[in-house]
Protein chains: 2
Amino acid sequence: MISRERILEAAARVYAKHGFRGATTRLIAIEAGVNEVTLFRTFGSKGALLEAVLGSNRADVVQPHLPDEPQDPAAELLEFVNANLEHVRELRPLLIHTMGEIDERPEAAEFACRGRRMVHDAIVSYLRKLQQRGMADQDADVEVAAVVLTGTVMSDAMARSIVPDVYPPREHAAERYVSCFLRMIGGRKAVAAPVKKSRTRSA
Amino acid sequence: MISRERILEAAARVYAKHGFRGATTRLIAIEAGVNEVTLFRTFGSKGALLEAVLGSNRADVVQPHLPDEPQDPAAELLEFVNANLEHVRELRPLLIHTMGEIDERPEAAEFACRGRRMVHDAIVSYLRKLQQRGMADQDADVEVAAVVLTGTVMSDAMARSIVPDVYPPREHAAERYVSCFLRMIGGRKAVAAPVKKSRTRSA
DNA sequence: CGAGAATGCAAGTATCTACTTGCTTACTCC
DNA sequence: GGAGTAAGCAAGTAGATACTTGCATTCTCG
């Protein structure tokens with residue numbers, strides 16, 4: 001018995017390369033090693049098949065998260081950014097096409113925005129905790145900082161293959177992004193007593 | 001006499017909505033208000049038409065630039081970021097599809113990376129000048145800072161329509177991005193004498 | 001082992017798509 | 001006004017595509 005899963009995986013690979021219109025049932029059948037008619041017997045139509053691809057993809061994957069009790073922002077953010085880079089890199093091929101197909105297919109729209117708000121909110125929440133504990137500057141714009149962080153991750157994951165020499169080497173990228181990010185928010189480790197210290201500049 | 005330009009513009013609009021495969025010659029002809037055969041008489045083939053679209057699009061547009069002599073980083077970067085946001089927003093519909101079609105069409109690959117390196121290098125160069133003049137921290141990672149800035153712009157331009165409430169309101173976005181960016185690099189206005197001052201932190 | 005279900009195979013259908021062809025009409029310019 | 005060119009119209013071609021149908025083969029399980 002042909003695994004429904006096997007067809008879904010093959011369809012995802014073909015969709016990732018060719019997009020909706022380019023993912024012909026013939027290509028998908030070949031990729032899955034099944035007869036074309038089996039696709040229709042299993043899923044009913046190409047649209048339903050590809051909808052199932054987007055619906056099942058990542059449905060149960062745990063989103064990277066940040067700790068409730070910040071201890072070491074540098075280490076914690078590094079782990080978070082690394083996980084996020086991995087995550088978005090994996091999704092990239094699907095994301096590229098869903099972003100372009102939003103107007104034509106609702107499931108593409110849903111897929112393209114999945115989890116983005118959650119990641120943003122998680123970072124904002126974390127940054128607020130840092131501020132409360134004196135581990136980040138009080139006047140840092142945490143909403144925009146979160147946008148900057150997710151934007152950088154997205155840019156690296158989506159565009160590195162297009163302009164590779166612009167991005168830092170993969171093995172150091174997260175580290176360097178976090179380092180710059182911490183400068184932006186005045187991030188630091190917890191100190192014995194909350195030190196009320198705000199940076200002043202002539203700008 | 002039908003303007004070749006008119007066909008190109010219509011084709012760009014159709015391509016921006018539907019991608020390469022979805023931009024049928026029928027749709028393009030309707031959009032341009034010409035007979036389908038005219039497309040072939042003018043351009044020879046659909047591929048050549050859409051190649052011409054990507055080749056002509058932005059061929060002569062001036063890239064946003066930064067001044068050779070920095071005076072006021074906040075103002076200069078604000079202008080630069082605003083211009084870049086505009087620029088990438090305009091290109092978004094075409095970018096979305098070209099990014100997904102890179103493997104299949106060389107002109108899509110060329111289009112997707114056009115200007116990106118230049119923008120990156122311009123920012124790096126500018127930041128270096130800031131450092132030389134004591135207007136930015138000596139230890140700021142200017143390469144990554146440039147990546148962060150272009151990544152933020154790209155993220156805003158590409159994904160705002162998908163998760164709108166995550167991004168700051170449009171009229172204030174550039175201002176807030178620049179503000180955070182300046183914090184990251186320790187950016188400030190020129191002072192009377194270069195002050196050698198590096199920030200130390202407990203992190 | 002046999003029945004039922006799953007899958008393959010081959011042929012086919014209807015529609016779409018890029019593109020061509022031949023003739024007609026409209027436009028431009030000398 | 002007439003010649004040449006540009007563009008429209010209609011019909012058509014060949015190939016691609018999602019999908020269906022009928023029969024045959026293979027697989028699974030009681």
Side-chain angles (χ1 to χ4, degrees), chain A residues 1-57 93-94 97-98 100-101 103-108 111, chain B residues 1-57 93-94 97-98 100-101 103-108 111:
Chain A
M1 161 147 176
I2 301 281
S3 162
R4 178 186 158 104
E5 210 55 41
R6 191 165 116 208
I7 298 176
L8 284 175
E9 281 164 11
R13 289 196 294 275
V14 174
Y15 175 78
K17 282 195 72 178
H18 303 292
F20 186 87
R21 272 182 163 248
T24 64
T25 51
R26 185 164 172 277
L27 276 180
I28 294 168
I30 291 167
E31 181 76 24
V34 301
N35 192 277
E36 203 170 334
V37 73
T38 306
L39 304 183
F40 294 100
R41 285 177 179 156
T42 313
F43 292 93
S45 71
K46 172 182 157 181
L49 167 55
L50 291 178
E51 186 174 338
V53 165
L54 295 186
S56 66
N57 206 288
L94 295 182
H97 291 296
T98 52
E101 290 161 16
D103 295 337
E104 288 157 354
R105 299 190 306 126
E107 71 272 8
F111 184 89
Chain B
M1 163 147 172
I2 302 280
S3 160
R4 178 185 157 103
E5 211 53 42
R6 191 166 115 206
I7 297 175
L8 284 176
E9 282 163 11
R13 287 196 296 276
V14 174
Y15 175 78
K17 283 195 70 175
H18 303 290
F20 185 86
R21 273 182 164 248
T24 64
T25 51
R26 183 164 173 278
L27 276 180
I28 293 167
I30 290 167
E31 182 74 25
V34 301
N35 193 278
E36 202 170 337
V37 73
T38 305
L39 304 182
F40 294 101
R41 285 178 179 156
T42 312
F43 292 94
S45 72
K46 173 185 159 179
L49 166 56
L50 291 178
E51 187 175 339
V53 165
L54 295 186
S56 68
N57 206 289
L94 295 182
H97 291 294
T98 51
E101 289 160 14
D103 294 338
E104 288 157 354
R105 297 190 306 125
E107 70 273 9
F111 183 89

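Atoms considered below: every heavy atom in the structure, side chains included; atoms not considered: hydrogens, waters and symmetry mates.
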Discussion item. Just the rounded figure in Å: distance from P of C:dT17 to CZ of B:F20.
Written reply: 13 Å

Fill in: Atom-pair distance (CG on B:L50; C1' on C:dA18), nearest Å
12 Å

Practice prompt. Using a cut-off of strictly less than 4.0 Å, decide whether B:T38 has a side-chain nitrogen or oxygen near OP1 or OP2 of D:dA6.
Written response: no

Discussion item. On the six-membered ring of B:F20, is B:K46 placed so that its NZ or CZ lies under 6.0 angstrom from the centre and within 45° of the ring axis?
Written reply: yes

Worksheet item: Minimum heavy-atom separation for A:A11 to A:V53, with atom names?
Response: CB-CG2, 3.7 Å

Worksheet entry | Aromatic contact, B:H97 with B:Y15 (centres under 6.0 Å) | yes

Worksheet item: CG of B:L27 versus P of C:dC19: gap in Å, rounded?
Response: 15 Å

Practice prompt. Look at the side-chain N and O atoms of B:T25 and state whether any lies under 4.0 Å from the OP1 or OP2 oxygen of C:dA18.
Written response: yes

Worksheet item: Relative to the 5' end of DNA chain C, which residue comes earlier, B:G47 or A:G33, by the nucleotide with the nearest heavy atom?
Response: A:G33

Worksheet entry | Length of the line joining A:F43:CZ and D:dA18:P, which is rounded to integer Å | 15 Å

Practice prompt. Starting from C1' on D:dT17, measure out to CG on A:L39 and report it in whole angstrom.
Written response: 13 Å

Worksheet entry | Presence of donor-acceptor pair under 3.5 Å, side chain of B:R26 and base of C:dA18 | no

Fill in: pair A:V14-A:T24: side-chain heavy atoms closer than 4.5 Å
no

Discussion item. Can you measure B:F40 atom CZ to D:dC9 atom C1' for me and round it to whole angstrom units?
Written reply: 16 Å

Fill in: Below 4.0 Å: OP1/OP2 of D:dT17 and any side-chain N or O of B:R21
yes

Worksheet item: Looking at the side chain of B:N35, which of D:dC9, D:dA18, D:dC23 is the nearest nucleotide?
Response: D:dC9

Worksheet item: Between D:dG22, D:dA7, C:dT21, which nucleotide gets closest to the side-chain atoms of B:R41?
Response: D:dA7

Worksheet item: Going by heavy atoms in the side chains, are A:R6 and A:V34 under 4.5 Å from each other?
Response: yes

Practice prompt. Pick base, sugar-phosphate or nothing for A:V34, based on heavy-atom distances below 4.0 Å to the nucleic acid.
Written response: sugar-phosphate

Worksheet item: Of the nucleotides C:dC19, C:dA18, D:dA18, which has the atom closest to the B:S45 side chain?
Response: C:dC19

Fill in: Nearest-Å distance for atom pair CD/P, residues A:E51 and D:dA18
17 Å

Worksheet item: To the nearest angstrom, how far is B:K46 atom NZ from C:dC16 atom P?
Response: 15 Å

Worksheet entry | Options C:dC19, D:dC19, D:dC9, nucleotide nearest the side-chain atoms of B:E36 | C:dC19

